[in-house]
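Side chains included, hydrogens not; waters and symmetry mates left out as well; all remaining heavy atoms used. In what follows, chains are A, B, ... by sequence order, proteins preceding strands, each numbered from 1.
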2 protein chains.
Amino acid sequence: MSVSASRLRDRSQSTGGGAESAAPSGLPRVQVAQTPLARFEEYLQSKGLRNSDQRRVLLEHVFSRHSHFDADQLIEELPRRGAKGHVSRPTVYRTLKEFVDAGLLRCFQLDGRSVYEHDYGYPQHDHLYCSQCRTLIEFRSEELLRIREQVSAEHNFLVRSHRFIIQGVCADCRKRRQRRKQDLV
Amino acid sequence: MSVSASRLRDRSQSTGGGAESAAPSGLPRVQVAQTPLARFEEYLQSKGLRNSDQRRVLLEHVFSRHSHFDADQLIEELPRRGAKGHVSRPTVYRTLKEFVDAGLLRCFQLDGRSVYEHDYGYPQHDHLYCSQCRTLIEFRSEELLRIREQVSAEHNFLVRSHRFIIQGVCADCRKRRQRRKQDLV
DNA sequence: ATCGTTGCAAACGTTTTGCATAAGG
DNA sequence: CCTTATGCAAAACGTTTGCAACGAT
């Protein structure tokens with residue numbers, strides 16, 4: 001096991017639970033036809049896979065709140081080895097891949113590791129990333145999608161997805177910085 | 001050593017050499033005050049670092065053409081161990097970091113590894129990434145920068161940089177796909 | 001002579017794999 | 001009962017580091 005010192009913080013609202021998800025600030029929630037569980041079971045069916053305890057534990061945990069996380073965080077939040085509800089590291093990795101496959105989670109790379117977030121029933125969005133406190137802040141831009149389509153059309157490119165991350169320093173950290181400056185004076 | 005099977009292809013023009021760089025299609029070249037070498041020597045001076053053979057070899061190689069590359073590709077392109085002009089793996093990694101520090105190269109993550117491209121004297125741009133042939137295609141969008149500023153202002157976020165990658169299938173691979181479909185009929 | 005630089009080997013952190021065992025349908 | 005899923009340990013992968021030897025200024 002490797003307990004990485006660097007944690008990924010989050011600035012998204014937690015979901016109300018059930019078949020509804022929180023949306024980036026100022027945006028309407030999205031109604032979803034089925035719960036993530038129902039959708040996952042459908043996916044397992046269609047692939048001839050089985051609905052094990054471990055998969056249930058992970059699905060339950062991952063969708064119990066809306067946050068960005070990596071494999072290591074997820075593992076630390078779950079029961080330790082030996083305890084009930086524990087899931088081994090390889091199984092966590094394997095299952096996260098299945099969730100992505102099933103359309104439940106989105107995955108992207110940040111600082112060298114894979115970060116996951118809700119996809120199913122959650123509106124498309126992009127991120128501001130504070131390199132100081134490692135917070136991810138969500139935002140939405142229709143204009144960005146327009147650019148995406150236009151550029152792709154110009155290059156006769158078939159779009160599957162995109163990733164837009166603005167890196168810098170968030171409002172909180174800027175305030176903190178200024179305070180520190182004042183303290184030094 | 002790890003010789004990764006997956007290579008990163010490229011669809012950028014090669015530079016004319018010297019103090020001028022190729023720009024994404026349709027865009028004007030950018031005049032630069034000094035050559036990358038001159039700038040790097042200045043950087044070394046300012047940091048009290050030394051201009052070794054290895055650094056010269058790497059700088060020369062990296063700026064001899066305009067392309068995207070990762071550490072492994074660079075190492076494979078250079079002379080093997082024992083031969084003149086060889087640079088060890090750790091030194092390649094160390095030196096690439098210095099190039100980034102010196103403002104000569106930009107670095108971003110793709111498929112789990114670090115990809116480098118020319119920065120010095122080269123216009124800001126973003127990428128279309130073909131997940132089939134792994135080609136990176138450059139494009140430029142002023143509008144995107146406007147969105148970046150607007151979103152950041154709204155969140156009182158201090159921008160340092162951004163990364164925008166559109167993933168999908170490039171024009172060539174689409175053609176290839178259609179041909180294969182026809183062949184099957 | 002001094003201090004930065006290199007190469008080696010070995011560590012690192014994250015993710016994946018082979019394989020024997022356990023468990024879902 | 002048949003197959004898929006799991007846990008363990010170990011490998012794989014890209015990258016970094018400690019250190020003794022080397023080399024630039």
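For Leu58(B) and dT6(C), the CG to C1' distance is 12 Å, given to the nearest whole Å. Taking atom CG of residue Asn51(A) and atom P of nucleotide dA5(D), one finds them 10 Å apart after rounding to whole Å. Taking atom OH of Tyr116(A) as the reference point, atom C1' of dT14(C) lies 11 Å away to the nearest angstrom. In this structure, the CG atom of Asp72(A) is 15 Å from the P atom of dC12(C), given to the nearest Å. Separating the CD1 atom of Ile75(B) from the C1' atom of dT16(D) is a distance of 13 Å, rounded to the nearest angstrom. Look at CD on Glu41(A): it is 13 Å from C1' on dG24(C), rounded to the nearest Å. When rounded to the nearest whole Å, the span between CG of Asp101(B) and P of dG4(C) equals 16 Å. In this entry the distance linking CG of Asp70(B) with C1' of dT15(D) reads 12 Å, nearest Å.
Ring centroids of Phe164(A) and His127(A) are separated by 6.0 Å or more, keeping the two rings apart.
Heavy-atom minimum distance, Leu44(B) versus Arg50(B): CD1-O, 3.9 Å. When all heavy atoms are compared, the tightest approach of Phe157(A) to Leu128(B) is CD2-CD2, 3.7 Å.
Listed candidates were dT15(C), dG14(D), dA5(D). Nearest to the side chain of Ser114(A) is dT15(C).
Here CD of Gln109(B) is found 13.0 Å from CZ of Phe108(A). Values are rounded to the nearest 0.5 Å. Between the CD atom of Glu154(A) and the CD atom of Gln150(A) there is a distance of 5.0 Å, given to the nearest 0.5 Å.
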Could you write out each protein N or O paired with an N or O of nucleotides 7-11 of chain D at a distance under 3.5 Å?
from   : atom 1 : to       : atom 2 : distance (Å)
dG7(D) : OP1    : Gln54(A) : NE2    : 3.3
dG7(D) : OP2    : Ser88(A) : N      : 3.1
dG7(D) : OP2    : Ser88(A) : OG     : 2.7
dG7(D) : OP2    : Thr91(A) : OG1    : 2.9
dG7(D) : N7     : Arg94(A) : NH2    : 2.8

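In Glu143(A), the CD atom is crowded: over 12 heavy atoms of neighbouring residues, nucleotides or ligands sit closer than 6.0 Å.
Sorted by residue number, the members of residues 42-49 of chain B with any non-hydrogen atom under 4.0 Å from DNA chain C read Gly48(B), Leu49(B).
For Gly112(B) and Arg56(B), each mapped to the nucleotide of DNA chain D holding its nearest heavy atom, the one lying further toward the 5' end belongs to Gly112(B).
A distance-only check finds no donor-acceptor pair linking the side chain of Thr91(B) to the backbone of Val87(B) [under 3.5 Å].
Between His125(A) and His68(A), the two ring planes are perpendicular [angle over 60°; tilted spans 30° to 60°]. Using a 30° and 60° split on the angle between ring planes, His66(B) and Tyr122(B) fall in the parallel class, below 30°.
Scanning atom types as modelled, no donor and acceptor separated by under 3.5 angstrom connect the side chain of Arg50(B) and the base of dT5(C). Arg55(B) contributes no side-chain N or O that forms a donor-acceptor pair with the base of dT5(C) under 3.5 Å.
Regarding contacts with the backbone of dT15(D), every side-chain N or O of Lys97(B) stays at 4.0 angstrom or more from both OP1 and OP2. Put simply, Tyr93(B) has a side-chain N or O that comes within less than 4.0 Å of OP1 or OP2 on dT15(D). The phosphate of dT6(C) has OP1 or OP2 within less than 4.0 Å of a side-chain N or O from Ser52(B).
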Exercise. Give the C-alpha distance, both sets of side-chain angles, the deciding distance and a yes or no for salt bridge (charged side-chain N to carboxylate O under 4.0 Å, His left out) between Glu142(B) and Arg140(B).
Key: CA-CA 7 Å; Glu142(B) 293 298 334; Arg140(B) 227 158 110 71; 3.4 Å; yes
